[in-house]
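Naming: A, B, ... by sequence-line order, numbering from 1 per chain. Values below: all heavy atoms of this structure, side chains included; hydrogens, waters and symmetry mates excluded.
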2 protein chains.
Amino acid sequence: MTSVSTEPRDTNGPTPATAPTGGSAAQRERRRRILDATIALAAEGGFDAVQMRAVAEQAEVALGTLYRYFPSKIHLLVSALAREFTKDVERSAVRATPGDTAHERIMYVLNRRTRALQKQPKLTEALVRAFMFADQSVTGEIHEVGTSLTTVIARAMHGTPDHGEVTEEEAAIIRIISDVWLSALISWVTGRMDTEDVEKSIDVAVRLLLR
Amino acid sequence: MTSVSTEPRDTNGPTPATAPTGGSAAQRERRRRILDATIALAAEGGFDAVQMRAVAEQAEVALGTLYRYFPSKIHLLVSALAREFTKDVERSAVRATPGDTAHERIMYVLNRRTRALQKQPKLTEALVRAFMFADQSVTGEIHEVGTSLTTVIARAMHGTPDHGEVTEEEAAIIRIISDVWLSALISWVTGRMDTEDVEKSIDVAVRLLLR
DNA sequence: GACTGATGTAGAACGTGTTACAAGTCTAGA
DNA sequence: TCTAGACTTGTAACACGTTCTACATCAGTC
């Protein structure tokens, strides 16, 4: 488990399928298989069960190929998280969020997501721990996740899929809510909070911030 | 790097010096040497440089002894963090925090601590990453850290070393501030925020929460 | 159709966290 | 003092993330 690499990993040439979209059809397909295998293993056994050899085998690629696509286990898991979150954002764009007040709508989307995560505790454990352990070299993927979360909350705040006008203050509030949500998630993953505590702590934060 | 152990590690008998206070004088001394070595190595090279063999060597104990005192690298680092934070709490108990408003006082203590951490980036990186990666088995140490932080903020809020009366709402606010502070610290450690961003994000959170 | 460079494969090898084990040492109580 | 048991030591072994090497395959170019 390496952590802070000051140099950005210089292999011989650019990596082939770092982005979800680039590369040939076969490469996108390999990337998909790898992330699917990652999710499957994580869902079954959590962070420890996502072993690089196991992922490679289940995705039917060589270990070296796996590392060519994702330069570390952390990149792999955070990329998986980013893919899942992106799906969520796409879903949330479809129709307006139910709820009469910003508070209700924000709680709606966050609780929905929280419960979805809690249904797969092992998977959540793996993804959250990876996210928290990520170092500088994972900035891109981390940012993707943060943007997804921000977008979803902003939409809920305004109650509409479009959310062009976010004031400075609103942005600050959204960031704080994200922080609280992530902290609560960690606490839940590590057994320091139960399901109810998570929802309550977010509810309190949203109430205090939106008054 | 193991993570979720459902069973609480059953060695042959109780561990000798899990608590800072228990054990013989020689054991407390060993514990101190181990934590000193940990801090020294972390300060110099960050998380990766805290290698269990290196810690054992520098603390002049056998590897097995190190593991008897601290059952994992994460326990070790979080315990080191807990020790540092506890020192801070003791210092903060001595005299009242400067500042005319709760906002000013809270910013004073948090900024002071933030700057202290930023002076030793490698050390902070090691401690924060360990804290974030900690799993269920580290609950005790984590809780110790959380309590320290809460105590310090509560004192600052009231402006006095005693802080018996913390309302439900105040406790919630303190928890949110802690969450924001930790998130900001992670962002700083992983290079996603600079020094100024950290202070600003906390300032905004405190302002929004205390209005 | 053959050449070439990028990509993929299989598997060995290395580093570090963690565990296991055999033997020495220290301490409390008889 | 002697002994039982806990504690410590030194060292080997194991697991898994990561890197490296030698070879195969494939796509595009002449």
Item to check | Distance in angstrom units between B:His75 NE2 and C:dT18 P, rounded | outcome: 10 Å
Checklist entry - For B:Tyr67 and C:dA20, is the shortest distance between a side-chain N/O and OP1 or OP2 below 4.0 Å? => result no
Checklist entry - How would you label the contact of A:Val55 with the nucleic acid (heavy atoms, under 4.0 Å): base, sugar-phosphate, or nothing? => result nothing
Item to check | B:Arg129 CZ to C:dG17 P, straight-line distance once rounded to whole Å | outcome: 13 Å
Checklist entry - What's the CZ-P distance between A:Phe47 and D:dA15, to the nearest Å? => result 19 Å
Next on the checklist: Please pick, from C:dG17, D:dG17, C:dG8, the nucleotide with the shortest atom-to-atom distance to any side-chain atom of B:Met52.
Outcome noted: C:dG17
Checklist entry - Would you say A:Gln27 reaches C:dA6's phosphate, i.e. side-chain N/O to OP1/OP2 under 4.0 Å? => result no
Next on the checklist: The criterion is side chain to side chain contact (heavy atoms under 4.5 Å, CB included); which residues satisfy it with A:Arg112, sequence neighbours excluded?
Outcome noted: A:Tyr108
Item to check | Selection from D:dT8, C:dT18, D:dG17 that lies nearest to any side-chain heavy atom of B:Thr65 | outcome: D:dT8
Next on the checklist: Both A:Gly64 and B:Arg30 contact DNA chain D. Which one's nearest nucleotide lies toward the 5' end?
Outcome noted: B:Arg30
Checklist entry - Between D:dG17 atom C1' and A:Phe70 atom CZ, what is the distance in whole Å? => result 16 Å
Item to check | Length of the line joining A:Gln51:CD and C:dG17:P, which is rounded to integer Å | outcome: 17 Å
Item to check | By side chain to side chain donor-acceptor pair (under 3.5 Å) - contacts of B:Thr114 (at least two apart) | outcome: B:Trp181
Next on the checklist: Any base atoms under 4.0 Å from B:Glu60, or only sugar-phosphate, or nothing? Heavy atoms, all strands.
Outcome noted: sugar-phosphate
Checklist entry - Is the count of non-hydrogen atoms from other residues, nucleotides or ligands lying under 6.0 Å from A:Glu44 atom CD greater than 12? => result no
N/O donor to acceptor pairs below 3.5 angstrom from side-chain atoms of residues 196-208 of chain B, sequence neighbours left out:
residue	atom	partner	partner atom	Å
B:Asp197	OD2	B:Asp194	N	3.1
B:Glu199	OE1	B:Arg115	NH2	3.2
B:Glu199	OE2	B:Arg115	NE	2.9
B:Glu199	OE2	B:Arg115	NH2	3.1
B:Ser201	OG	B:Val198	O	3.2
B:Asp203	OD1	B:His103	NE2	2.9

Check the interface with nucleotides 12-14 of chain D: list each N/O to N/O pair with the protein under 3.5 Å, or write none.
residue	atom	partner	partner atom	Å
D:dA13	N6	B:Arg53	NH2	3.3

Next on the checklist: Which residues pass the side chain to side chain donor-acceptor pair (under 3.5 Å) test with B:Arg105, not counting sequence neighbours?
Outcome noted: none
Checklist outcome for this item: Side-chain contact check for B:Tyr69: nearest option of C:dT16, D:dT8, D:dG17 is D:dT8
Item to check | Rounded distance in Å - CZ (A:Arg28) to P (C:dT7) | outcome: 15 Å
Checklist entry - Are A:Lys122 and A:Asp48 ion-paired here, with the side-chain N under 4.0 Å from a carboxylate O? => result no
Checklist entry - Just how far, in rounded Å, is C1' of D:dT8 from CD of B:Glu29? => result 15 Å
Checklist outcome for this item: B:Arg68 CZ to D:dG10 P, in whole Å, measures 15 Å
Item to check | Pairs involving residues 54-66 of chain A, ordered by first then second residue, that meet side-chain hydrogen bond (donor to acceptor under 3.5 Å, both in side chains) (sequence neighbours left out) | outcome: none
